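In this text, all values refer to a predicted model and were calculated from it rather than measured experimentally. Hydrogens, waters and symmetry mates play no part in the numbers below; they use all other heavy atoms, side chains included.
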Amino acid sequence: MHPNWYETENKAPMRRLLSTLFFGLIVLTASAQLSPLHVEGPYFKNDQGEVVILHGFAQTFSPWFNERGTKWTNYDVDGCLRYNKGIIDGILNAGWKMTFVRQHMDPYWSNTPGIQTTGENDIHAFDFDRFKKYLDEVFVPMAEYAIAKGLYVVMRPPGVCPEDICIGDNYHQYLLKVWEHVAQHPKLKNHGAVMFELANEPVHIKNSDGTAAGDKEMTAYMQAIVDVIRKHCNNILLIPGLGWQQQYTGFVKYPIEGDNIGYAVHCYPGWYNSGVEDDVEVTYREFKRGWDSMITPIALQAPVVVTEMDWAPEKYKASWGKATTGEAGDKGFGANFIRIADETCNVSWLLFTDGNLLAQYDDKAPNGNTFLTDPEACPRPCFRQYEYYASEAYKTLINAEGYGYVKEEEPLFSLTEQWFNPSIWEHGTFDEATGALTTGQYGFGGWQYPQGADLSGWKYLVVELKETQTRGASFRLFDVNNYWDKPAMFDFGNDTRLVIDLHQMKNEQGRTLDPSHIYIAGFWTLGGSPIYIKSIFLSDDGETPTAILLPTSDQKPQPVYDLQGRRVGTSDHLRQLPAGLYIINGRKFLRQ
């Protein structure tokens, strides 16, 4: 326990200098143990060409986030360094197999003292000279210390984004100024163990006239920051997405240009259709569908780092996310998050729990009803999962020949429980044996195509029900990957058959939809009782179905192995295997 003592920010310069010199010697000795990382395809790789997937924790350098101001305050650099270095030591001494830390260059240091702000998104108190001073005295020394302890470092800029950002606005200029200075720092530039997360939790992007902008503008906003940094260094850069770092498909359509680019994602209970403590019915399948819709498209192209994530029952008041661990493949948040991250094959992630709590963890303590001993809270399952990630078996797996994310080609409009999602909005159910869809209240069920399904080669889409419905049902199609956009809507009324002209689809605003990229399609109903779906098919005459078949191969069936190396079948019987990960012809295959 560190003493609670107070000094002004100008005291003890000699002690700080000696401390810096001492730890500098440690860094020079120990940092050589960390192989520099670079981005190669969808992976981080080290100098030996090995895939590296990181697992870690987060630090914020301000009194409030360091045990609510009880450990140091008053711009006490020595107190801050002592406390936060002690946290790193405590976490590692507790046995955590950490490989990276996300460090927040908190605005506590760069804001002018005494100027009131409305929150961390308010930059009017920002003082660039103070930022430069404390980059040298706090943030760089902490990054060096972490590296000396064998941890890669992700550096995050001060504060959070305002709810609306715009190309060239004050916040954009602020980020450009901060990152141009950081990119030139001699102890950070071109450092293979230091990554830069360019912003924290952007929400919406607007045009200069205040109207809503979109994916193209978001890419331009981030590209400008990338370009400024690239004038000075080639560190790995992690790009945040909109929607509090949930939305990434826009970067597939409008990619960030340059090398060493990854993406920084946040994931909390309730996001991506995942479960929360108060909704115990949410399953792995729903969570995975949400993740595949918003994250998987970019993960197929570049490495992903989840830089905020945690969970625990609310009664512990020790986590941002309120949920339970549950069981992988079934209900609950935590176990399914871990499974989905592992299945995606290139997702690094951290535990956002306060570092002082992680340092207190004791894996030998029996299961109990505390945050640190309850298996339904994040510390216990994550500690044990991190141990697995540190094993030679895991390192061998992720560096096996052909390791990667391979997904089945998804059939269009398949009326199976595997492909049909009854819970795109509100929680519903679907019975493939009877075709019964019961949505939640004002709910929506159907199909999501993260890369966009091209229907432009057909003239019609035919949708048929088995009987007249009474739930106000309509069939809706979206050419924007956003359920809250304006779709084309076709009401069933008393009819059981719709013939939709794919090239004449208009939304309620009169805009003609583009059938070459349909992202969401399905049924809206009032909910409460089922509608019965008979069939849905593409057609050139509005009558005759066009065959939409799964891909076939002229090659003979290949043996299929599970991750333990046991032969479980052949490739022509994939549909008979349970959902999971398999090895086929030396490549990893995801069966959903």
Take atom CG of Asp227 as the centre, draw a 6.0 Å sphere, and report whether it contains more than 12 heavy atoms from other residues, nucleotides or ligands.
-> yes

Report the C-alpha separation of Ile167 and His172 in whole Å, then their side-chain angles, then the decisive distance to 0.1 Å, and conclude whether the side chain to side chain contact (heavy atoms under 4.5 Å, CB included) test is met.
-> CA-CA 6 Å; Ile167 296 172; His172 200 197; 4.2 Å; yes

May I ask you to check whether Trp311 and Thr325 show a side-chain donor-acceptor distance below 3.5 Å?
-> yes

Report, one line per pair, each donor and acceptor closer than 3.5 Å where one atom sits in a side chain of residues 206-214; sequence neighbours left out.
| residue | atom | partner | partner atom | Å |
| --- | --- | --- | --- | --- |
| Asn207 | ND2 | Thr211 | OG1 | 3.0 |
| Asn207 | ND2 | Ala212 | O | 3.3 |
| Asp209 | OD1 | Thr211 | N | 3.0 |
| Asp209 | OD1 | Thr211 | OG1 | 2.6 |

Okay, side chain of Asp169, backbone of Ile165: is any donor-acceptor separation there less than 3.5 Å?
-> no

Side chains of Trp109 and Ser62: is there a donor and an acceptor less than 3.5 Å apart?
-> no

Should we say atom NZ of Lys132 is surrounded by more than 12 heavy atoms from elsewhere, each under 6.0 Å from it?
-> yes

Under 3.5 Å, is there a donor-acceptor pair between the side chain of Glu376 and the main chain of Gly326?
-> yes

Is it true that a side-chain atom of Asp354 and a backbone atom of Phe65 form a donor plus acceptor pair closer than 3.5 Å?
-> no

Are side-chain N/O atoms of Tyr272 and Arg289 paired as donor and acceptor at under 3.5 Å?
-> no

Between Thr307 and His266: side-chain donor-acceptor atoms closer than 3.5 Å | yes

Are there more than 12 heavy atoms of other residues, nucleotides or ligands under 6.0 Å from atom CG of Asp362?
-> yes

No-hydrogen, no-angle side-chain donor-acceptor test under 3.5 Å, Asn66 and Asn84 = yes

For residues Trp96 and Phe383, establish whether the separation of their ring centroids is below 6.0 Å.
-> yes

Can we call the ring centroids of Trp349 and Tyr386 under 6.0 Å apart?
-> yes

Using the salt bridge (Lys or Arg N to Asp or Glu O under 4.0 Å) rule, collect all pairs that involve residues 311-329, keeping only residues at least two apart or in two chains.
-> none

Plane angle bin for Trp271 and Tyr268 - parallel if under 30°, tilted between 30 and 60°, otherwise perpendicular | perpendicular

Which of these passes side chain to side chain contact (heavy atoms under 4.5 Å, CB included) with Tyr108: Tyr134, Phe61, Tyr75?
-> Tyr75

Does the separation of the ring centres of Trp484 and Trp425 fall below 6.0 angstrom?
-> yes

Going by atom types alone, do Tyr316 and Asp374 pair a side-chain donor with an acceptor below 3.5 Å?
-> yes

Angle class for the Phe131/Phe139 ring planes (parallel below 30°, perpendicular above 60°, tilted otherwise)?
-> tilted

Closest non-hydrogen atoms of Pro297 and Thr249, given as atom of the first, atom of the second and distance, are CG-CG2, 3.8 Å

Can you find a heavy atom in the side chain of Glu201 that is under 4.5 Å from one in the side chain of Cys161?
-> no

Does Val347 reach the side chain of Asp342, with side-chain heavy atoms less than 4.5 Å apart?
-> no

Indicate whether any N or O donor in one side chain lies under 3.5 Å from an N or O acceptor in the other, for Gln385 and Tyr389.
-> yes

Side chains of Gln59 and Gln103: donor-acceptor distance under 3.5 Å anywhere?
-> yes

Compute both the distance and the angle, then confirm whether Lys177 meets the cation-pi test with Phe128: under 6.0 Å from the six-membered ring centre, within 45 degrees of the axis.
-> yes

Verify the distance criterion only: is there a donor paired with an acceptor across the side chains of Asp136 and His185 at less than 3.5 Å?
-> yes

For Asp47, does its backbone N or O pair with a side-chain atom of Ser35 as donor and acceptor, under 3.5 Å?
-> yes

